[in-house]
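These notes concern the structure reproduced below.
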There are 2 protein chains.
Amino acid sequence: MQTIEEILRAKKIKVTPQRMAVYSILKKTDSHPNVEMIYQKLKPDYPAMSLATIYKTVDVLKKVGLIQELSVGEGGLRYDAKIRPHSHVYCEICGKVDDVEQYPLNELQDRFLLEKVKNETGYDVSIVQLYFFGKCPQCSINKETKARGA
Amino acid sequence: MQTIEEILRAKKIKVTPQRMAVYSILKKTDSHPNVEMIYQKLKPDYPAMSLATIYKTVDVLKKVGLIQELSVGEGGLRYDAKIRPHSHVYCEICGKVDDVEQYPLNELQDRFLLEKVKNETGYDVSIVQLYFFGKCPQCSINKETKARGA
DNA sequence: TTCAAAATGGATATTATTTATTATTTAACA
DNA sequence: TGTTAAATAATAAATAATATCCATTTTGAA
């Protein structure tokens with residue numbers, strides 16, 4: 001199995017501490033952070049890291065296929081180092097993004113699905129993303145509490 | 001069947017020419033326009049229409065459930081008056097958004113799907129969106145195709 | 001027809017995100 | 001180790017999307 005360093009070097013992309021740090025943050029978390037969140041998470045260990053570097057780094061990592069980009073309708077984009085097929089659920093109240101692990105992108109047999117869509121639309125499709133939108137458990141409770149209380 | 005006017009009046013939302021015009025544009029097109037595109041389309045017939053009104057109108061129409069909002073990773077949002085379950089394919093070169101009619105959101109038996117996701121994640125899910133990303137037929141043929149925005 | 005509440009137009013403000021700039025530093029490799 | 005192209009930091013600036021303001025107009029219903 002290739003290491004991240006090997007993957008980058010194979011594409012003539014330099015391995016830098018900043019790139020490793022951004023990737024490492026994404027690999028560790030399941031919070032699907034945006035650029036600003038990555039910036040804040042890195043600050044303690046890399047106080048000199050520039051926001052611009054993070055923008056460039058997520059671009060690089062995305063192009064190389066090491067991370068995926070999520071668009072949930074906020075201003076910016078979210079990033080995820082989990083690249084095997086899975087879908088996401090977005091809380092419209094607090095903005096949290098969670099993985100939907102079991103279901104159902106893997107059951108859609110992606111390759112077959114891409115073929116079908118290509119046949120119907122003529123598009124050469126490379127990425128599938130399934131999103132669910134709703135209210136997370138915490139926000140559901142808060143609203144109930146608020147409604148009952150005050 | 002309820003008319004749009006009836007749906008709005010039932011929710012105590014005033015029926016205005018601007019709202020009808022925005023809805024009508026969305027109903028007629030399959031181009032999934034964003035606010036700016038709607039604005040441009042309306043200009044010939046409604047030269048006095050304000051951008052602010054369009055922002056407010058798509059909000060109203062979305063809340064009432066007459067249109068859906070799509071987020072494909074651009075700056076802004078796209079709108080679609082087709083609200084029965086269907087998915088979308090986005091051309092990463094020219095920015096075009098097309099419907100994927102036949103497949104596969106209807107085959108996912110949405111209600112059952114929402115239940116499963118709720119069981120797994122605890123989220124109270126109300127919306128499902130399936131996106132495909134790739135290259136449209138025109139952009140596949142024309143290698144000289146300009147990047148979006150050009 | 002009248003009237004109050006709601007909506008609109010037009011402009012501007014706001015705000016968040018992203019890109020550009022440039023001097024400096026660093027990774028890769030001979 | 002030296003060289004060079006690439007990357008980074010720091011900051012400025014552009015971009016762009018959306019919200020706000022308020023005077024005027026319009027809708028809905030009494």
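Being a predicted model, the structure only gives us computed values, none of them experimental. Labels below follow one simple rule: chain letters A, B, ... track the order of the sequence lines, proteins then strands, and each chain is numbered from 1.
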Rounding to an integer number of Å, can you tell me how far [X] [atom1] sits from [N] [atom2]?
X: A:Leu77; N: C:dT17; atom1: CG; atom2: P; value: 10 Å
X: B:Leu42; N: C:dT8; atom1: CG; atom2: P; value: 12 Å
X: B:Asp59; N: C:dA6; atom1: CG; atom2: C1'; value: 16 Å
X: A:Arg78; N: C:dT18; atom1: CZ; atom2: P; value: 12 Å
X: A:Leu51; N: D:dA7; atom1: CG; atom2: C1'; value: 16 Å
X: A:Lys12; N: D:dA7; atom1: NZ; atom2: C1'; value: 17 Å
X: A:Tyr79; N: C:dT17; atom1: OH; atom2: P; value: 11 Å
X: B:Ile38; N: D:dT18; atom1: CD1; atom2: C1'; value: 14 Å

[X] side chain, from C-beta outward: closest of [options]:
X: B:Lys14; options: D:dA9, C:dA28, C:dA6; value: C:dA6
X: A:Met49; options: D:dT18, D:dA5, D:dA9; value: D:dA9
X: B:Lys56; options: C:dA28, D:dA9, C:dT8; value: C:dT8
X: A:Tyr55; options: D:dA10, C:dT17, D:dT8; value: C:dT17

Salt bridge check: are [X] and [Y] linked by an N-O gap of less than 4.0 Å?
X: B:Lys41; Y: B:Glu36; answer: no
X: A:Glu101; Y: A:Lys82; answer: yes
X: A:Lys14; Y: A:Glu5; answer: no

Contact under 4.0 Å: [X] side-chain N or O vs [N] OP1/OP2:
X: B:Arg19; N: D:dT27; result: no
X: A:Thr16; N: D:dA6; result: no
X: B:Ser50; N: C:dG10; result: no
X: A:Gln18; N: D:dA9; result: yes

Specify the residue among B:Ile13 and B:Asn34 whose closest nucleotide of DNA chain D lies further upstream toward the 5′ end.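 Its nucleotide being nearer the 5' end, the pick is B:Asn34.
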
What class does the angle between the rings of B:His88 and B:His32 fall in, given that below 30° is parallel, 30 to 60° is tilted and above 60° is perpendicular?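 It falls in the perpendicular class, over 60°.
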
Please classify the nucleic acid contact of [X] as base, sugar-phosphate, or nothing, using heavy-atom distances under 4.0 Å.
X: B:Ala52; result: base
X: A:Pro47; result: nothing
X: B:Val35; result: nothing

Looking at B:Tyr90 and B:Arg78, what are the two nearest heavy atoms and their distance?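 Heavy atoms of B:Tyr90 and B:Arg78 come nearest at CE1-NH2, 4.4 Å.
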
